[in-house]
Number of protein chains: 2
Amino acid sequence: MFDILRQYIEQMTASALPEEEVQLIRNSFTEKKLRRKQFLLHEGTVCKYMSFVVKGAMRLYSIDEKGNEHVVRFGLEGWWMSDRESFTMLTPSRYNIDAIEDCDLLIITNEALTRLRHASPAMTCLSLVLDERHYFATQKRIESSISYTAEEKVLHLMNTYPQFLQRLPQNMVASYLGLTPETLSRIRKQIQAK
Amino acid sequence: MFDILRQYIEQMTASALPEEEVQLIRNSFTEKKLRRKQFLLHEGTVCKYMSFVVKGAMRLYSIDEKGNEHVVRFGLEGWWMSDRESFTMLTPSRYNIDAIEDCDLLIITNEALTRLRHASPAMTCLSLVLDERHYFATQKRIESSISYTAEEKVLHLMNTYPQFLQRLPQNMVASYLGLTPETLSRIRKQIQAK
DNA sequence: TAATCGGGATGATATAGATCAAGTGAAAGG
DNA sequence: CCTTTCACTTGATCTATATCATCCCGATTA
């Protein structure tokens, strides 16, 4: 399980990890399995773990006063999941994280991550690279949410993350796009027809 | 002008800058004044500068095929402005940045910033702090854009950035929220009536 | 003193997308 | 194996917001 993370880090930082650093990193993470529908984070609690998704699919979502769920983000293989604000600031989260499919995770506490960042140059580098990519991706997502029609949003998603529509429940993808499931269903049909 | 940046850095990193580092930082930035409606970045060109807004107001926006402008982000005093993806990757930008009011800026090139980050611990720390804050802020903005009604979006903006509605043209704020100027105008009236 | 212009307000109307409701098929769970 | 649930589709209707068209006002500019 850890080998996947190791490969991932070497790829993202474009450098081989010295054996010493591999051990350091390995010892900082814990394996965790989550069954479908199990929670990694409950609203109102502090997000104790940052988790690396080795296998499976997760989502981070909020629930409004009317009880509607709003999917803010998905996590598939090779993605990180946590409510970063809660994780970093140790404040109670307004979000939930649960497993959409059975998951294999590698989790790390805030404390361990902080220590690791100081001890491992590769982890420092990884953080920078990920923050940068996240910045680019969210800017595009914001732009699409303020400028695009529903159909454009779906087409854009099909280009950016084609896996989402193939793999994840459509009602969750609809929520992620800020649409209703009915609208997403109709628009897909419409797109298909071309 | 530079003193503002210095204070800002000391505040954000919660530590006093040694004089040597102050000089290093000062020498990395250039002063630039921009008159209202002048551009810092034109779509199709590479974003050469990251700029710190000492005074004034700017916006980063895209233009769609129909010629509509979409404001992705504003920059007021104490904010940074650039198309980070273009700035970092040296790729042509799809965005424009121009001045909404006359601006005083401190600008830095990618090369100088990279050098500075290596030479100045404070700048390294600043980058981390800013990335983190940006992460928190964009997650909330995405959540609001997928979950809120128009009225909720306006109320949320009034809580988060009350300056925007007082200081910036309403049509630009509407665009930032993904609404039409007419809708924003009506909703404000409606909110006022309570 | 106009004449112009850009931002904002407001009314009338149109429409994209939401909501409500029903039916279907597949899969989860006892 | 049944049966209960859930995701998805489709149709009918509703409504929030967009669009279109004027009008207004204050700030430039001629």
Side-chain angles (χ1 to χ4, degrees), chain A residues 34-38 56-57 59 61 64-71 74 98-103 144-158 163-194, chain B residues 35-38 57 59 61 63-71 74 98-102 144-158 163-194:
Chain A
L34 225 53
R35 295 224 148 253
R36 201 167 98 90
K37 300 200 175 178
Q38 280 188 323
R59 62 178 175 151
Y61 62 100
D64 66 24
E65 330 77 52
K66 287 166 209 145
N68 301 313
E69 298 175 352
H70 302 283
V71 176
F74 291 114
D98 67 14
I100 302 173
E101 307 169 0
D102 293 353
C103 288
S144 86
S145 84
I146 64 171
S147 355
Y148 291 176
T149 62
E151 185 180 359
E152 287 167 341
K153 284 176 191 173
V154 175
L155 288 168
H156 183 247
L157 185 78
M158 286 173 157
Q163 333 85 289
F164 284 11
L165 275 165
Q166 285 152 23
R167 179 166 174 185
L168 304 168
Q170 248 180 160
N171 57 350
M172 293 184 191
V173 177
S175 168
Y176 174 85
L177 290 174
L179 305 174
T180 57
E182 293 95 329
T183 296
L184 178 56
S185 170
R186 280 185 257 260
I187 285 175
R188 289 189 77 183
K189 191 182 168 189
Q190 204 177 298
I191 291 173
Q192 206 97 35
K194 294 177 187 173
Chain B
R35 297 220 145 257
R36 201 168 97 90
K37 300 201 175 178
Q38 280 189 322
R59 62 178 176 151
Y61 63 100
I63 302 180
D64 66 24
E65 330 76 52
K66 287 167 207 143
N68 301 312
E69 297 174 354
H70 302 282
V71 176
F74 291 113
D98 66 16
I100 302 173
E101 307 169 359
D102 294 353
S144 85
S145 85
I146 64 171
S147 355
Y148 292 177
T149 63
E151 185 181 359
E152 287 167 341
K153 285 176 191 173
V154 175
L155 288 168
H156 183 247
L157 185 77
M158 285 173 157
Q163 335 84 287
F164 284 11
L165 276 166
Q166 286 152 22
R167 178 166 174 186
L168 303 169
Q170 248 182 161
N171 58 351
M172 292 183 193
V173 177
S175 168
Y176 174 86
L177 290 173
L179 306 174
T180 58
E182 293 95 330
T183 297
L184 177 55
S185 170
R186 281 186 256 260
I187 285 176
R188 289 190 77 183
K189 190 182 167 188
Q190 205 177 294
I191 291 174
Q192 206 98 34
K194 297 181 185 172

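Order of the sequence lines fixes the chain letters, A, B, ..., with proteins taken first and strands second; residue numbering starts at 1 for each chain.
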_Min side-chain heavy-atom separation B:Ile146-A:Ser145 under 4.5 Å_ = no
*Do the charged groups of B:Asp98 and B:Lys37 touch, with an N to O distance under 4.0 Å?*
no
_Heavy atoms from other residues, nucleotides or ligands near CZ of B:Arg167 exceed 12 (cutoff 6.0 Å)_ = yes
*Under a 4.5 Å cut-off applied to non-hydrogen side-chain atoms, are A:Val154 and A:Leu179 in contact?*
yes
*Salt bridge between B:Arg35 and B:Asp102, side-chain N to carboxylate O under 4.0 Å?*
yes
*CD on A:Gln190 to OG1 on A:Thr183, rounded to 0.5 Å*: 10.0 Å
*Say you draw a straight line from CD of A:Gln170 to CG of A:Leu184; how long is it, rounded to the nearest 0.5 Å?*
4.5 Å
*Reading nucleotides 13-21 of chain D from the 5' end, what letters show protein touch, with B for base, S for backbone sugar-phosphate only, - for no heavy atom under 4.0 Å?*
----SSBB-
Check nucleotides 4-6 of chain D against the protein and report each pair of N or O atoms closer than 3.5 Å, with its distance, or say if there are none.
none

_Would you say A:Lys189 places a side-chain N or O within less than 4.0 Å of OP1 or OP2 belonging to D:dT9?_
no
*Hey, does A:Tyr61 have a side-chain heavy atom less than 4.5 Å from the side chain of A:His70?*
no
*What is the distance, rounded to the nearest whole Å, between atom CD of A:Glu101 and atom P of D:dA7?*
14 Å
*Can you give the first and last nucleotides of DNA chain C, 5' to 3', that have an atom under 4.0 Å from a heavy atom of chain A?*
C:dG17 to C:dC20
_Are the side chains of B:Tyr176 and B:Leu168 in contact, using a 4.5 Å heavy-atom criterion?_
no
_Side chains of B:Ile191 and B:Met158 in contact at under 4.5 Å (non-hydrogen atoms)_ = yes
